[in-house]
Amino acid sequence: MEPKEDFGFSGSNGSAQVREVPALPVCPIKLDGTNYLVWSRSVFLAVSAHGFSNFLTGASKKPAKQVDAQNKWVTTNYLIMSYLLNSMELTVARGYLLMDSATDIWISAEKTFSKNKNTSQCYEIQKKLGDTKQKEMSVFQYYSTLKGLWHELDYYGPFNAINPIDAATFQEWQDNHRLFNFLAGLNVEFEPIRAQILSTKPLPSLEDAFYSIQSEDTRRAAMALPAP
């Protein structure tokens with residue numbers, strides 16, 4: 001016997017009540033056609049945290065019988081649809097208004113905007129990485145920008161090694177390469193500590209290098225040291 005899906009809870013008077021999806025936090029990122037990865041992650045986490053991820057993946061089906069269960073499912077489905085549409089820019093949302101379920105919207109948006117394993121998308125990200133320098137950004141802002149681009153690159157162009165040794169070797173190469181990119185884009189005032197990090201054997205992790213640079217930046221700010 002299949003377990004029944006939980007669409008809500010019972011009130012104090014015993015009547016069925018549907019969970020309030022509008023209580024979900026407002027999505028901080030609106031889908032504009034170029035930011036699918038961060039949008040989808042933000043939406044999925046918010047919806048899943050309230051127990052409604054099945055309405056996105058399609059695992060939740062409209063009950064074939066029981067009018068009350070059907071009404072609860074339809075109401076919850078419409079609430080999730082409303083949340084998805086409100087998390088999109090108006091020009092994007094118009095293309096999904098006439099769809100019948102949250103699953104249809106979710107899958108259609110993925111097919112339209114995800115561009116998984118898209119070569120041109122990987123090229124654009126690599127180009128942004130090459131152009132990203134610290135300049136006027138703080139160390140934290142610069143580091144976060146690089147991290148975001150690397151996450152996107154991993155999503156669009158994943159490397160799947162069959163041999164565990166190859167996977168470990170590639171991971172080490174990738175970690176060192178990203179460490180070099182991070183250090184290369186820092187402003188000139190970090191040259192002494194950059195040289196110190198590069199002379200360390202073995203090389204520190206990217207996170208440890210960031211911590212060292214951030215600590216130096218905090219020290220310079222506290223001492224009000226001028227930039228050369």
Return the orientation label for the Phe55 and Phe52 ring planes: parallel under 30°, perpendicular over 60°, tilted otherwise.
->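 Perpendicular.
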Any side-chain to backbone donor/acceptor pair from [X] onto [Y]? Under 3.5 Å, distance only.
| X | Y | result |
| --- | --- | --- |
| Ser42 | Val38 | no |
| Ser82 | Tyr78 | no |
| Tyr143 | Phe182 | no |
| Gln134 | Gly185 | no |
| Ser40 | Leu37 | yes |
| Ser199 | Gln196 | yes |
| Ser87 | Lys30 | no |

Between Leu129 and Asn181, does a side chain to side chain contact (heavy atoms under 4.5 Å, CB included) hold up when you go through it step by step?
-> CA-CA 8 Å; Leu129 283 168; Asn181 284 345; 5.6 Å; no
Glu136 side chain reached by Gln141 side chain, heavy atoms, under 4.5 Å |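 Gln141 does not reach Glu136 side chain to side chain.
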Flag side-chain contact, heavy atom, 4.5 Å: Asn187 against Tyr142 =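 Not in contact.
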Once you round to the nearest 0.5 Å, how far does NZ of Lys61 lie from CG of Asn77?
->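 The distance works out to 11.5 Å.
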